[in-house]
Amino acid sequence: MNDNGFPDLPHQRGFATRRQLLDAGSTPSALRQLSRNGHHVARAVYGADGGALREEDRVIAGYLWAGKSAVLTGVNALIRLGIAVPRPATVICFLVVAGARNRRHIQGFRTIRTRRPPKARPRYGVPTAPIERALADAGRHRELTASELKGLTIAVLQRRLTTPERLVAELEAGGTLGVTGVRQGLMAFCDGSWSVPEATLAGAVAEHSDLPVMLANPTLLDAAGAVIGVPDGYFPDAGVVVQVHSRAYHDGVTDDGDDRWTATVEGDLRYPEHGLLVVPVTPETLRDSLPGFLDSLAAILATRDGPAPNVFVRTPPAA
């Protein structure tokens, strides 16, 4: 119990409901005094400290306001699950059972009725939706753009935080409204693209009228069956490898303890030994100068005589 009469409750960061305060010995007049002093955060929710709420404070206060059956979802749920997001959501969304009311509070809390209450797990005291539901809800409630959702979807699938099957099940159960970015990320991942730049490259090549078929993330083998490499893109009819080089997607160390970025760049040296031409590109080029890069790539492919001899392809298995 602190000087304001607030009970010391786990994970509540100095917040308490009216009922919790009364159970701890506060009186109605003491609660009215707290309200006059700026400690009334939301309906039936009080904070030990006055002033503006920090992001984590808002999640806790919002949950107490939404009620014990509420489940955190959307962007703020992803943050609580340890996933890096472009930005927190302005309005923190909580799912409530179908019989409850949709409500909104000036502090930036919102409850949304659902007939599909997710199987939530407590995260630091707040029941939180699973990743696939939180990701889809971030689109349904327009918390992120389609492009941002596409990148997040690829990232969580790449880190094996969820599976394509669980994402598909969530999208089928919850409808298509607002989840275009999630669907795009899912398709890109299942097509073999394991980063947003790679997905951008694959999609742009497929739509370019002067470019032949490009394989995404195939395994290239020599005549003896030894692995040459796994390029980001490969044009089998021309023997041309495209590598998207970005420290953001090749950071850290390999299983052998080597620098991953160095290993990635040095790995490109294996391709010319087998008659393959390597075309490097950066994510910045794909973002800012994509049409010019594709035209240059088409010109390079036009100069090639045909496929590289004794190079064989093993494509990724279907998802």
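Since we're looking at a predicted model, the values are computed, not measured.
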Fill in: Sidechain-backbone polar pair: Arg18 side chain, Ala44 backbone, donor-acceptor under 3.5 Å
no
### Task
Could you tell me if the ring centre of Tyr46 sits under 6.0 Å from that of His40?
yes
Q) Side-chain contact, heavy-atom cut-off 4.5 Å: Val281 with Leu286? A) yes
Quiz prompt | Presence of salt bridge, Glu273 and Arg270, under 4.0 angstrom | solution = no
Closest non-hydrogen contact found for Val241 with Pro231 is CG1-CB, 3.4 Å
Item to complete: Report yes if some heavy atom in the side chain of Val279 is under 4.5 Å from a heavy atom in the side chain of Phe293; otherwise report no.
Response: yes
Taking the side chain from Ser26 and the backbone from Leu22, do they hold a donor-acceptor pair closer than 3.5 Å? no
Scanning both residues in full, the closest heavy-atom pair of Ala98 with Arg115 reads CB-CG, 4.0 Å
Does some side-chain heavy atom of Leu34 sit less than 4.5 Å from a side-chain heavy atom of Leu21? yes
For Trp65 and Arg103 the tightest heavy-atom approach is O-NH2, 3.0 Å
Are any non-hydrogen side-chain atoms of Leu276 and Tyr234 less than 4.5 angstrom apart? yes
Checklist entry - Okay, side chain of Arg58, backbone of Gly108: is any donor-acceptor separation there less than 3.5 Å? => result yes
| said: Can a side-chain donor-acceptor contact be found between His245 and Asp232 if the only test is distance below 3.5 angstrom? | reply: no
*asked:* Measuring only between side-chain heavy atoms, which start at C-beta, is Val313 closer than 4.5 Å to Thr219?
replied: no
Note to self: Treating Asp137 as the side-chain partner and Arg140 as the backbone partner, does any N or O pair qualify as donor plus acceptor under 3.5 Å?
What the structure shows: no
_Audit row: Glu55, Asn76, side-chain hydrogen bond (donor to acceptor under 3.5 Å, both in side chains) steps and yes/no_ = CA-CA 9 Å; Glu55 197 63 35; Asn76 292 89; 3.3 Å; yes
task = Verify side-chain contact (heavy atoms from CB on, under 4.5 Å) between Val71 and Thr114, making sure each step is shown before the conclusion.
result = CA-CA 10 Å; Val71 176; Thr114 179; over 6 Å; no
For Gly292, is there any backbone N or O sitting under 3.5 Å from a side-chain donor or acceptor partner on Ser296? yes
message = Contact between Leu221 and Arg314 at the side-chain level, heavy atoms closer than 4.5 Å - yes or no?
response = yes
| message | Does atom CZ (Arg121) have a neighbourhood of more than 12 heavy atoms from anything else shown, all under 6.0 Å? | response | no
> Is the shortest heavy-atom distance from the side chain of Glu148 to the side chain of Arg87 under 4.5 Å?
Replying inline: yes
### Task
Output yes when a side-chain donor or acceptor of His141 lies under 3.5 Å from a complementary backbone atom of Glu143, and no otherwise.
no
**Q.** side-chain contact (heavy atoms from CB on, under 4.5 Å) between Thr111 and His105, worked out
**A.** CA-CA 9 Å; Thr111 60; His105 192 274; over 6 Å; no
Q) More than 12 non-hydrogen atoms from neighbouring residues, nucleotides or ligands closer than 6.0 Å to CZ on Arg116, yes or no? A) yes
Q. Is there a donor-acceptor contact under 3.5 Å from the side chain of Ser69 to the main chain of Gly67?
A. no
Point to revise | Derivation of the side-chain hydrogen bond (donor to acceptor under 3.5 Å, both in side chains) call for Thr145 and Ser147 | key: CA-CA 5 Å; Thr145 67; Ser147 177; 5.0 Å; no
Q) How far apart are the C-alpha atoms of Glu284 and Ser289, what are their side-chain angles, what is the distance that settles it, and do they pass the side-chain contact (heavy atoms from CB on, under 4.5 Å) test? A) CA-CA 8 Å; Glu284 291 76 18; Ser289 307; over 6 Å; no
Contacts of Asp237 meeting salt bridge (charged side-chain N to carboxylate O under 4.0 Å, His left out) (sequence neighbours excluded), chain-then-number -> none
Residues Ala77 and Ala134: closest non-hydrogen pair is CB-CB, 3.8 Å
Donor-acceptor under 3.5 Å (Asn102 side chain, Arg113 main chain) | yes
Test item: Cys190 and Pro164 side chains (from C-beta on) under 4.5 Å apart, heavy atoms:
yes
Check your understanding: Distance-only, no hydrogens or angles: does the Asp23 side chain make a donor-acceptor pair with backbone N or O of Gln20 under 3.5 Å?
Key -> no
Only one of Leu152, Leu157, Leu167, Leu81 passes side chain to side chain contact (heavy atoms under 4.5 Å, CB included) with Ile131, and that residue is Leu81
* Do Leu144 and Ile79 belong to the same hydrophobic cluster, where Ile, Leu, Val, Met, Phe, Trp and Tyr are linked whenever their side-chain heavy atoms lie under 4.5 Å apart, directly or via other members? -> yes
Above 12 or not: heavy atoms from other molecules or residues under 6.0 Å from OH of Tyr124? no
Here the pair of heavy atoms bringing Val41 nearest to Ala61 is CG1-CB, 3.9 Å
Requested in this report: Dump the intermediate steps for side-chain contact (heavy atoms from CB on, under 4.5 Å) on Thr176 and Arg183, then the final yes or no.
Outcome: CA-CA 9 Å; Thr176 61; Arg183 288 187 179 279; 3.5 Å; yes
What I want to find out is whether Glu198 reaches Lys150 closely enough, with some N-O distance under 4.0 Å, to be called a salt bridge.
no
